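Computed from a predicted model, the values in this text were never measured in an experiment.
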Amino acid sequence: EREIDIFTSHFKWLDKVEDSLKSAVSRGVNIRVLMQVDDEDSTKRALKLLEMGVNVRDCEVWYPTRGTLVDNSKLIYLIWVGDTTRMGRPMIYKPQYTENEGLIAVFRDAFENRWLKSRGLERLLGGK
């Protein structure tokens, strides 16, 4: 109803939620996406989000969580851990859903901290 904050890697799943995000933007929902914008495909997705009216920032540092905060009251998240049996590749735990205020506060603080340290996408817009 009010806000959606998404923290993701390259947002490869944008096409699955694009219509929902457009609908939310049209209803006045403030949407922020914190993602890595470091290749042609992620750049295209970031530009598409900007065109939709979504606030996007480039987070250069990999972080072992991904998730979506909704209205500061709902959270869907993933947490990675290193798995040496898979040649050091991260292992993903299945998505979790919570309305736990304490856990949401932790993820909210982490999102806000990373948002403040991330870069705007002016370089993609020719300095606009």
Side-chain angles (χ1 to χ4, degrees):
E1 293 178 23
R2 297 178 314 276
E3 62 186 4
I4 300 171
D5 289 334
I6 299 170
F7 44 104
T8 184
S9 177
H10 293 94
F11 213 160
K12 293 179 181 177
W13 47 280
L14 173 59
D15 60 327
K16 295 179 181 178
V17 297
E18 184 175 348
D19 290 340
S20 296
L21 293 178
K22 285 179 181 177
S23 175
V25 167
S26 72
R27 292 190 320 273
V29 175
N30 181 45
I31 302 175
R32 297 186 299 172
V33 173
L34 187 57
M35 63 183 284
Q36 290 176 282
V37 184
D38 59 6
D39 62 22
E40 185 177 341
D41 290 335
S42 62
T43 298
K44 287 179 183 176
R45 285 187 287 275
L47 288 170
K48 181 184 276 192
L49 287 162
L50 289 170
E51 290 170 5
M52 290 168 40
V54 173
N55 299 308
V56 183
R57 298 207 68 166
D58 179 15
C59 184
E60 298 176 356
V61 179
W62 186 85
Y63 203 70
T65 60
R66 307 286 185 262
T68 302
L69 288 155
V70 178
D71 291 337
N72 212 29
S73 64
K74 296 171 182 64
L75 169 66
I76 299 171
Y77 66 97
L78 297 169
I79 298 177
W80 273 261
V81 296
D83 181 0
T84 57
T85 63
R86 296 178 59 201
M87 293 190 244
R89 296 185 62 195
M91 183 172 77
I92 303 171
Y93 286 100
K94 71 179 189 173
Q96 302 291 313
Y97 172 83
T98 188
E99 294 181 19
N100 178 288
E101 293 176 11
L103 194 52
I104 289 170
V106 169
F107 275 83
R108 162 72 47 220
D109 288 349
F111 181 92
E112 294 298 339
N113 183 39
R114 292 174 60 218
W115 184 265
L116 293 173
K117 292 179 180 177
S118 63
R119 298 186 313 168
L121 298 180
E122 293 80 12
R123 64 182 166 55
L124 299 180
L125 302 171
K128 294 179 186 176

Listing, residues 97-106 side-chain donor-acceptor contacts under 3.5 Å, not counting sequence neighbours, or none:
{"unit_1": "Y97", "atom_1": "OH", "unit_2": "E99", "atom_2": "OE2", "d": "2.4"}
{"unit_1": "T98", "atom_1": "OG1", "unit_2": "N100", "atom_2": "N", "d": "2.9"}
{"unit_1": "N100", "atom_1": "OD1", "unit_2": "G102", "atom_2": "N", "d": "2.9"}
{"unit_1": "N100", "atom_1": "OD1", "unit_2": "L103", "atom_2": "N", "d": "2.8"}

**Report entry** Rounded distance [0.5 Å steps], CG in N55 versus CZ in R32
**Finding:** 8.0 Å

Query - Closest approach of I6 to F111 (non-hydrogen atoms, all atoms of both residues) - result: O-CE1, 3.6 Å

Query raised in the report: Are L34 and D5 side-chain neighbours, meaning at least one heavy-atom pair lies under 4.5 Å?
Result: no

Query raised in the report: Is it true that atom CG of N113 has more than 12 heavy atoms of other residues, nucleotides or ligands lying nearer than 6.0 Å?
Result: yes

Query raised in the report: From M52 CE over to E18 CD, what is the distance, rounded to the nearest 0.5 angstrom?
Result: 5.5 Å

Report summary line: The reported gap from NZ in K22 to CD1 in I31 (rounded to nearest 0.5 angstrom) is 12.0 Å

Query raised in the report: Is a side-chain N or O of S23 found less than 3.5 angstrom from the main chain of S20, in a donor-acceptor match?
Result: no

Report task. Using atom types as modelled and distance alone, determine if a side-chain donor or acceptor of R2 lies under 3.5 Å from a backbone N or O of D71. Result -> yes

Query raised in the report: Given side chains that start at C-beta, do those of I4 and V54 come closer than 4.5 Å, heavy atoms only?
Result: no

**Report entry** Inter-residue atom distance L121.CG - L47.CG, 0.5 Å rounding
**Finding:** 7.5 Å

Report task. Would you check if V17 and T68 make a side-chain contact, meaning some heavy-atom pair closer than 4.5 Å? Result -> no

Requested in this report: Kindly write out the residues that satisfy side-chain hydrogen bond (donor to acceptor under 3.5 Å, both in side chains) with W13, not counting sequence neighbours, or none if the list is empty.
Outcome: T8

**Report entry** Separation of F7 CZ from Y77 OH (nearest 0.5 Å)
**Finding:** 10.0 Å

Query raised in the report: If you round to the nearest 0.5 Å, how far is CG of L69 from CD of E3?
Result: 8.0 Å

Report summary line: Of all heavy-atom pairs linking V33 and W115, the shortest is O-CZ3, 3.5 Å

Query raised in the report: Tell me, do Q36 and S42 make a side-chain contact under 4.5 Å, heavy atoms counted?
Result: no

Query raised in the report: Would you call D41 and K12 a salt bridge, using N to O less than 4.0 angstrom?
Result: no

Query raised in the report: F107 and I76: same hydrophobic cluster, using ILVMFWY side-chain contacts below 4.5 Å?
Result: no

Query - Where H10 and D39 come nearest, the two heavy atoms and their spacing - result: CD2-OD2, 4.1 Å

Query raised in the report: At their closest point, which heavy atom of S118 faces which heavy atom of R57, and how far apart are they?
Result: O-NH2, 2.7 Å

